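Remember, predicted model here, so these are calculated numbers, not experimental data. Residue numbering restarts at 1 for every chain, and letters A, B, ... go by the order of the sequence lines.
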Amino acid sequence: MTLDTTFDPAAIEQRWYAHWEESGQFRPERDDAEPFTIVNPPPNVTGSLHIGHALDNTLQDIIIRYERLKGKDALWVVGTDHAGIATQMVVERQLAEDQKKRTDFTREEFVDKVWEWKAESGGTITRQLRRLGCSMDWSNERFTMDEGFTRAVTKVFVDLYNQGLIYRDKRLVNWDPKLKTAISDLEVENVEQSGHFWHFHYPLADGATTADGKDHIVVATTRPETMLADMAVAVHPSDERYVALIEAGAKVVLPITGRVIPIVADEHADPELGSGAVKITPGHDFNDFEVGKRAGIAPVDMLNMLNGDAKVVNTADALVPDELIGMDRFDARKAVVAMLKEQGLLIPHVAKTKKGEEIEQDAEPRKIMTPLGDRSNVVIEPWLTDQWYVDAETLAQPAIKAIREGDIEIVPKSWEKTYFNWMENIQPWCVSRQLWWGHRIPVWYDDAGNAYCTETEEEAQAQAGEGVNLRRDPDVLDTWFSSALWPFATIGWPDDLVPNPPRHGEVADAVAPAEAADGGGSPLAQRPDDGPLHRASAVPLPASGEDMVPRPDSDLARHYPNDLLISGFDILFFWDARMAMQGIQFMGEVPWRRLYLHGLVRAADGSKMSKSKGNTVDPLGLIDQYGADALRFFMAAMESQGRDIKMDEKRVEGYRNFATKLWNAARFCQSNGIAASTSLAAPEATLPVNRWIIGEVVETLETLDKALADLRFDAAANTIYQFTWSRFCDWYLELIKPLLQGEGGADADETRTVAGWVLDQIFVMLHPFMPFITEELWHAMAPEDSPRGYDLITAKWPNPRATVDTDAKAEIDWIIGFTTAMRSAKNELGIAPGAKLDCWFPASLEPRVTALQSTLERVARIGAAQFGEAPTGASMQLVVEGETITVPLEGVIDIEEEKARLSKALEAVSKEAKSLEGRLGNANFVERAKPEAVEKARTDHAEKSAEAERLAAALARLG
RNA sequence: GGGCGUAUAGCUCAGUGGUAGAGCACUGUGUUGACAUCGCAGGGGUCGGAAGUUCAACUCUUCCUACGCCCACCA
């Protein structure tokens, strides 16, 4: 197949991707091969491919293609996430366009609508991943709400419940008043906003006074409206101003409503801050909640004055003024301040104007760290509700240990500290969400409020007793609760679990696979923990992995633990850490051996890309313009560990040029009768240039393997780039041109064979980075008479079985050195680059130069070669590896220019020689430095001195 | 307040205990059949600052400065 003169990525990308996928090559049958597994972070089903996905998936695809080429049973698990809040919001927005809202429908109707939406629009991102060239196993594409996954989620919830690791609790949660759901700590973003800081008086009850004779206590707050739900004023137990009040059991009268509340002693109050007294609103502040509990207030008794919309409602004591009821929290804030002011209890803040005048304000302006919901972007309200919590602290312990003991390697290592810091201070994880779209919590309540947590309603009914009225918990689970199961629930858990063989029995494979796979009499039905599910104790049971194990022949057994997880550091806590916890809990083993964390792709100016800022770069646009291969190569080349990537479109363009370069090199080979070889081993070669390039392949391969083993994507990409362009194209192809142009013969045959072999090695080594162009060329360059029987994607990684030929390397290095010196000298002296110049070589070089005559004529543009003592007179002199080559140029060059050129070179070399001389003259260096360093300094010095002498001599000859 | 990261050529970034590299940009030059999405040659950096360790520091240590990120707290 003759290659087109231009390379058109769009034309080949679609064709090859479809072919790979249709022919099942993303996961070829390799039952006997060593498994290698990566699970893809499931993108939100609502998502479309953004630049961060492009990075994340390119890196994974490079590794998975590399491992596949190395012959492993490489599995890249793919699927999408149901993305509870995000998806529900998308569908609600769609309803809003028709002037409808979620609550116009029943829950079932709405959920059906979401499924409809998913069926129609949920495939966007998976199509886009294909455009990037990602070689995932689509035959097992999963969804976090598909049937099997749902079973896994339910089982995990029930198991954790039975183990006492999931419980229901009444406490403050982060409440999103816009989405009207609880969210976890991680979904809250703390943003600094300008706010106010008010001070006011709480009059002391019963005529009491403070130690300094005041009849009130000053409190300060940024949220005055919550004072209506205050339940105490706290002071530090050792605060002299208030000890007497505490001892006397003094109280304060809450302004506006006149409710009398106690003064309590609590270490939380900082005597150094303000008055040292702090209002306590246990129902609306996380710190106050704790203080309240210490003061003996049970959560059920805590006053709550807001509803789910963050509007004022009556507290339990009905002590909210009527005119505030129904008011939004921010309006209530203004109203409360106005009331306090009216009662003369507001202490004005004295500020200075720019002119130095003092003015009074109601409050001190202040920067306040404000909690915002990451989805809704509204201020989060601490709100007292019943929610389901996961005992994250217990689950975290083995996950911490796994990193400490090296069961999981985090790359780059610097992230370990962040991981430990978070895991060691982990808080209970609120997993219930007041949404309709998601995994419904598998808990049923009877009319008395007893909870039954079972996998099915039937089981719950059985437990509750026949005829008992049951009502299912309306909440769904946090999306991350389900995605935490991704590494094992996508590959057969829990269906492929079988009871652990008896520990004392010598028969390890007691369970026949066939029997285990049988659906009806599944061993699952007799699992040991069958039976009453209301466990009395909260003592953790053994992890499921200890009594149930993966069936030996299953994917679950084979591909868990996964080998590697690649994710952005931004989901380290959300997802990675939770996978570590759940993986260990349910599989008894870490989810993956290595965790690679990459950074963010930033805009060209270094700012964070965001839709609202309008500075996003669309990866699909880049693919359209430069090709998927170029974008992928960019991502790889820019991915150095521990650093974000700044978008640089010029660089993407550069890698498009690289693809074009390779295309043209292939065209050149093709037009010269070179076909890519099908031999794994390097061909036999006699010519230095061929022996040299084989050695270069060997070295490149070593460097590349090392870089990929270390997950140094940048080093890997640069290695193959540099070899292809600077070695193969710039030198090897130029050096073999004269050999190809002659009559033919043995040398030409050998060269065609070697060139074809090297080309083949490039295709394979480059394939993980640029899968499309390499697959295209790999087929196009196959010998006419023996087309490839299989595709590059499932070909074999290079194994040249050759070594570096040092003699050949020395010779080619000399050619490169001589050619470069010649070109440079000509350029500096203003001699036409094409001018063929006769040269006088030292007699010692006669054999080499004679053998290389045609090559040197071509690349270095030499004319006649003569040997021995050069004639005197105006000449250009080249010093190459310590030997002088004279190029007589009587009448052609300006002798002064040549002198200047040589002087400059001499100066540079002398400087280096002198520096080395100084070092060698330092006794401390010679005595204390490593012997290799001293030896190297000696040889370098000898070399530089010799070169300096040569240059000096050359200069002298010019008079 | 705690933690992490970054600072190297005009720009974007690699890098190593032994006197600095790439791509782009820039300058000069070249189109007698692979490629102008190209070739050849070249200019350009006291490696953020200070001190220390060392025979030797861009590299290791400490401190400082600037920028960025994460976590916590601010009643």
Checking [X] side chain against [Y] main chain: does a donor-acceptor pair fall under 3.5 Å?
X	Y	answer
A/Asp239	A/Arg241	yes
A/Thr939	A/Lys936	yes
A/Trp663	A/Asp4	yes
A/Asn718	A/Ala637	no
A/Asp644	A/Leu600	yes

Taking the [atom1] atom of each, how far is [N] from [M], in whole Å?
N	M	atom1	value
B/rA14	B/rA7	P	7 Å
B/rG39	B/rG33	C1'	14 Å
B/rG5	B/rC47	P	23 Å
B/rC60	B/rC4	P	16 Å
B/rG49	B/rC11	P	15 Å
B/rG10	B/rU59	C1'	25 Å
B/rA22	B/rG42	P	12 Å
B/rA25	B/rG43	C1'	13 Å

Contact class for [X] vs. all strands (heavy atom < 4.0 Å): base, sugar-phosphate, or nothing?
X	value
A/Arg656	base
A/Ala665	base
A/Thr5	nothing
A/Glu734	base
A/Asp270	base
A/Arg861	base
A/Thr6	nothing
A/Lys367	nothing
A/Thr418	nothing
A/Arg651	base
A/Cys669	nothing

Table please: side-chain donor-acceptor pairs of residues 264-274 of chain A below 3.5 Å, with sequence neighbours left out.
{"unit_1": "A/Asp266", "atom_1": "OD1", "unit_2": "A/His268", "atom_2": "N", "d": "2.8"}
{"unit_1": "A/Asp266", "atom_1": "OD1", "unit_2": "A/Arg294", "atom_2": "NH2", "d": "3.0"}
{"unit_1": "A/Asp266", "atom_1": "OD2", "unit_2": "A/Arg294", "atom_2": "NE", "d": "3.0"}
{"unit_1": "A/Asp270", "atom_1": "OD1", "unit_2": "A/Glu272", "atom_2": "N", "d": "2.9"}

| request: Measure the distance from CG on A/Leu55 to P on B/rC13 and round it to the nearest whole Å. | output: 14 Å
Is [X] near enough to [N] that one of its side-chain N or O atoms lies under 4.0 angstrom from OP1 or OP2?
X	N	value
A/Lys661	B/rG39	yes
A/Trp422	B/rC4	no
A/Lys417	B/rG3	no
A/Asn421	B/rG2	no
A/Lys650	B/rG23	no

Would you check if there is a donor-acceptor pair between the side chains of [Y] and [X] at a distance under 3.5 Å?
X	Y	answer
A/Asn922	A/Arg919	no
A/Ser915	A/Lys944	no
A/Ser607	A/Asn615	yes
A/Ser854	A/Glu857	no

| field | Nearest-nucleotide 5' precedence on RNA chain B, A/Glu272 against A/Phe7 | value | A/Phe7
| field | RNA chain B: 5'-proximal contact among A/Met369 and A/Val926 (nearest heavy atom) | value | A/Val926
Which nucleotide in the set [options] lies at the smallest distance from any side-chain heavy atom of [X]?
X	options	answer
A/Glu828	B/rG42, B/rC40, B/rA34	B/rG42
A/Phe573	B/rC74, B/rC70, B/rA34	B/rC70
A/Asn827	B/rC40, B/rU12, B/rA34	B/rC40
A/Asn657	B/rC69, B/rA41, B/rC38	B/rC38

| query | Taking it one step at a time, do A/Ser910 and A/Glu907 satisfy side-chain hydrogen bond (donor to acceptor under 3.5 Å, both in side chains)? | reply | CA-CA 5 Å; A/Ser910 304; A/Glu907 201 183 325; over 6 Å; no
Heavy atoms, side chains only, cut-off 4.5 Å: are [X] and [Y] in contact?
X	Y	answer
A/Lys661	A/Cys729	yes
A/Leu777	A/Leu3	yes
A/Leu345	A/His216	no
A/Cys669	A/Leu733	yes
A/Ile645	A/Phe634	yes

| Structure string for RNA chain B in dot-bracket form, Watson-Crick and G-U at under 3.5 Å, | interchain | (((((((..((((....[..)))).(((((.......))))).....(((((..]....))))))))))))....
Among [range], which contact RNA chain B at a heavy-atom distance under 4.0 Å?
range	value
residues 190-200 of chain A	A/Asn190, A/Phe197
residues 623-635 of chain A	none
residues 639-646 of chain A	A/Ser640, A/Gly642, A/Arg643, A/Lys646

| query | Ring centroid separation for A/Phe658 and A/Phe769, is it under 6.0 angstrom? | reply |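 Ring-ring flag for A/Phe658/A/Phe769: false, centres at least 6.0 Å apart.
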| query | Would A/Asp714 and A/Arg712 satisfy salt bridge (charged side-chain N to carboxylate O under 4.0 Å, His left out), going step by step from the backbone distance to the final call? | reply | CA-CA 6 Å; A/Asp714 55 343; A/Arg712 285 307 307 248; 2.9 Å; yes
Show me the protein contacts with nucleotides 18-20 of chain B, counting only N or O atoms at under 3.5 Å.
{"unit_1": "B/rU19", "atom_1": "O4", "unit_2": "A/Ser915", "atom_2": "OG", "d": "2.6"}

| message | Students often mix this up, so state it plainly: with edges at 30° and 60°, are the rings of A/His199 and A/Phe197 parallel, tilted or perpendicular? | response | perpendicular
| query | Ignoring hydrogens and angles, are the base of B/rA72 and the side chain of A/Gln427 linked by a donor-acceptor pair under 3.5 Å? | reply | no
| request: Start with the C-alpha distance between A/Val337 and A/His196, add both sets of side-chain angles, then the distance that settles side-chain contact (heavy atoms from CB on, under 4.5 Å), and finish with yes or no. | output: CA-CA 11 Å; A/Val337 169; A/His196 298 277; over 6 Å; no
